[in-house]
Amino acid sequence: MTTLAQAQDTTTGIPSAKLGMWLFLASEVMFFTGLIGAYIVLRAGMSSWPHLGEELSIPAAAINTFLLLTSSMTMAMGVAAVHRADVKKLRLFLALTILLGSAFLGVKGWEYSVKFAHGHFPGTAIFWDCYFMLTGFHGLHVLGGVIANLWILRLTLGQDFSERRGHLVEISGLYWHFVDLVWIFLFPLLYLI
Amino acid sequence: MSRNKIFSTDHKTIGIQFLVSSLIFMGLGGLLAMLMRWQLGWPGSALPWMERMAPQGMPGGIMLPEYYNMLFTMHGSIMIFFGVIPLLVGAFGNYLIPLKIGAPDMAFPRLNMLSFWLLPVSAATVLTGFLAEGGAAAAGWTAYPPLSGTQATMGAGQTFWAAGVIVLGFSSILGAINYIATIVNHRAPGMTFHRMPISIWALFTTAILTLLATPVLAAAMILLLLDRAVGTSFFLPAGMIVDGSALAHAGGQPLLWQHLFWFYSHPAVYIMILPAMGFVSDILPTFARKPLFGYKAIAYAAVAIGAVGFLVWAHHMFQSGMNPALGTSFMIATMVVAVPTGVKVFSWLGTLWRGDIRLATPMLHALGFISMFVIGGLTGIFLGSTPVNMYLHDTYFVVGHLHYVLFGGSLFGAFAGITFWYPKMFGRQMNDRLGRIHFWLTFVFFNSVMFPMFALGMSGMPRRIYDYTQYPALAHLTDINRLMSIAAFCLAASQILFAFNFLWSLAKGKPAGQNPWQATTLEWTTSSPPPHGNFAQTPVVHRGPYEYSVPGAARDWTPQTEEPPRGQG
Ligand code: HEM
Ligand SMILES: [Cu+2]
């Protein structure tokens, strides 16, 4: 942390922006708790529910899990790079993270298009309502993370990035790991159990 | 310049913007209540001039049942979402937090500005419903599906309502992040947690509740919107028939909505009361010239109320058909909340005990708060016990209870806060004589409107009822309802005094000086109103917030910034 020159005078010594991101993530946890809780309750209320892999493609989701986990790793390497003030490596890892995130969205989009082609939409059955709702909100969060990283990638072109804006990478990283974590819950809950 | 005044990032300006807008919304919500009281006092009588305002809802000036439903829905929603919450949390949270902890501003001033500007956007969205086909939302402020969940049962106004509440949720969450980050990270040197005024403890707890509960409401609202707009069935069961035609929905659960909604809305009732408790805890010592009794007990009671407040939500659902065993556990948790609440009430009384009491306007409102809140809280205990609830649920007893906490509690607390901090905000004193008259009128008329509600509820009058005279068993309640309506009109008229005093004192009030109440906390050590950046120098805190009448001190108040005398720790 000491290499990041944004050591404001705060009571606790934790930068406020980072604290703010942690607080935001706490609210995000509650948001997904609400959605996932609703899914569990609705599913428990149904006498039948599609079986393992019957309606959804487990291979596609497994690939996506792999993509997102890898992207968490590249994001972490990006954070390590900014600590070393290595902007070149940072750019590389940010770009990789963006790429992997976009690939995730691509696979998800392909899955959606297959479902649509079979006539499965939100509103066709409670199973599809839940599936599109959960993956949709997660997808939007992935998209948000990709956009944030793109924005940071653009900022790295500026002067003295590591000193002036380096903390942004760390904050965006926190968010990205969270988005990854949500998927780690969604994958088994939707596809495997 | 003028642009900077309007789109300001200064927490004081934003606080005052929240204050003024929430007072205006409360006025609007109050007017809707007057229309309801008209219908309840004189069921079915014409108000000819209302025909022009609402030709569809009140043809010939006679109110239709649908219009009545819309009135109580919009009254409740406006009062809670655009009145009490922005007033207690938005206005006072913004204004007081940096000043009371010795910070120059909030941790995230621009986020703060955004949090304010989402309020008018949200209100405009909800109020657009009035222009929609079929009028504004009418499913109650609780918006229970299936009624609220389909286009067939509730028109576009309900969609605007849900969308607007989501926007307001964003505003609340941004505000909460800001409050917590500021209190954790931007306290002046020496301002430890145990030296913070109770109002800051209360706002801190409130912010945590907001941060963790609001996202769940947002999730519920989004699912409701999807049900309405996309045709999903999250809250809609199979077999619904509306106007003789079957709906295609299946698989959803109306009870799920109630759980999600109350998971937010019970904590929200603490969001609406804890800050008021905090203001009162600041005001009582100042006007009793005594230290607050049980400082730590009150501080931790606020935290305890917040924590237990997350475990009681289903006491709103005792009669919903949920598992009775669940009801019992929620009943016990509900009773537990009364313990920290009682700790607070007794500590306030202990503060008053043998104090040198000065009955200025803020103190009157603070005493009004305590007495009214006790009635509200005790009736809550009645409602919280499952057997009694079976009898009283969905009757006017509930309406009485919630008005004793929300008006008697939150609003008297807000009046106490406004009259107490007005001199700091605007540099001038409000007129105390007018203020005291306003207090007494409000106090008397408030009780005359609300107290009979307990009796009505016990006589079996249901809440949310358009014309009780249709039921022979209730027809004899007209006289008392009529009296209540007259008191309600007087209550509303009394608020004109407050509005007048507020505006008149801006120009003509006595200049306040830095510390008109001879109070001890940090906001009183800077000028009124404080400059941009709040303090000429960062204050250094040496003592707790309530050092009144310290033996041996020169004055009967010792500011938090005063250094201890030499030779003592
Ligand atoms: C000792 C504290 C409290 C207890 C034990 C309590 C208990 C209850 C119970 C059991 C109900 C449900 C009644 C029913 O529908 O059958 C209720 C309703 C309500 N309470 Fe409280 N309450 C307390 C404090 C508060 C506070 C502080 C507020 C607001 C500032 C509040 C606002 C409300 C509201 C708005 C309702 C009506 C909800 C609706 O529309 O159904 N309560 N309370
Ligand atoms: Cu409750």
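Side-chain atoms are counted along with the backbone in the values below, which use heavy atoms only and exclude waters and symmetry mates. Letters A, B, ... are given to chains in the order of the sequence lines, protein chains preceding strands, and every chain is numbered from 1.
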- request: Show your reasoning for whether side-chain contact (heavy atoms from CB on, under 4.5 Å) applies to V216(B) and F31(A).
  value: CA-CA 5 Å; V216(B) 178; F31(A) 178 70; over 6 Å; no
task: Would you please test F263(B) and M30(A) for side-chain contact (heavy atoms from CB on, under 4.5 Å) and show each step?
output: CA-CA 11 Å; F263(B) 185 87; M30(A) 292 308 288; 3.6 Å; yes
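Here CZ of R187(B) is found 8.0 Å from OG1 of T12(A). Values are rounded to the nearest 0.5 Å. In this structure, the separation between CZ on F234(B) and CG on D129(A) is 4.5 Å, given to the nearest 0.5 Å. Considering CG of L111(B) and CZ of F24(A), their distance stands at 10.0 Å, rounded to 0.5 Å. Atoms OG1 and CD1, from T11(A) and I183(B) in turn, are 11.0 Å apart once rounded to the nearest 0.5 Å. Separating the CG atom in L25(A) from the CD1 atom in I177(B) is a distance of 9.0 Å, to the nearest 0.5 Å.
Using a 4.5 Å cut-off between heavy atoms, L35(A) touches chain B through backbone and side chain atoms alike. Of the atoms belonging to L212(B), heavy atoms from both backbone and side chain fall under 4.5 Å from chain A. Contacts between T33(A) and chain B at a heavy-atom distance below 4.5 Å are absent for every atom of the residue. Neither the backbone nor the side chain of F121(A) has a heavy atom closer than 4.5 Å to any heavy atom of chain B. Heavy-atom distances place the side chain of I222(B), and not its backbone, under 4.5 Å from chain A. For A250(B), the part lying near chain A is the backbone, with the side chain staying farther off; criterion is any non-hydrogen pair under 4.5 Å.
No more than 12 heavy atoms of other residues, nucleotides or ligands sit less than 6.0 Å from atom CZ of F66(A). Remark: W22(A) CH2 is loosely packed, at most 12 non-hydrogen atoms of other residues, nucleotides or ligands lying under 6.0 Å away. More than 12 heavy atoms of other residues, nucleotides or ligands sit less than 6.0 Å from atom CZ of F187(A). When the shell of 6.0 Å around NZ of K108(A) is examined, it contains more than 12 heavy atoms from other residues, nucleotides or ligands. Around CD of Q159(A), the count of heavy atoms belonging to other residues, nucleotides or ligands within 6.0 Å does not exceed 12.
Taking all atoms of both residues into account, the shortest heavy-atom contact from T232(B) to P122(A) is CG2-CB, 4.0 Å. In terms of heavy-atom proximity, L23(A) sits nearest to A181(B) at CD1-N, 3.9 Å. Contact detail for L42(A) and G251(B): the closest heavy-atom pair is CD2-O, 3.8 Å.
Per-residue heavy-atom pair counts under 4.5 Å with chain A were compared for M191(B), Q253(B), H259(B), and the maximum is reached by Q253(B). If you tally non-hydrogen atom pairs under 4.5 Å between each of A38(A), G34(A), A26(A), C130(A) and chain B, the highest count goes to A38(A).
Tested against S16(A), the residues N185(B), N178(B), V184(B) include a single side-chain contact (heavy atoms from CB on, under 4.5 Å) partner, N185(B). Among the candidates L255(B), L260(B), L256(B), the single residue satisfying the side-chain contact (heavy atoms from CB on, under 4.5 Å) test with V41(A) is L256(B).
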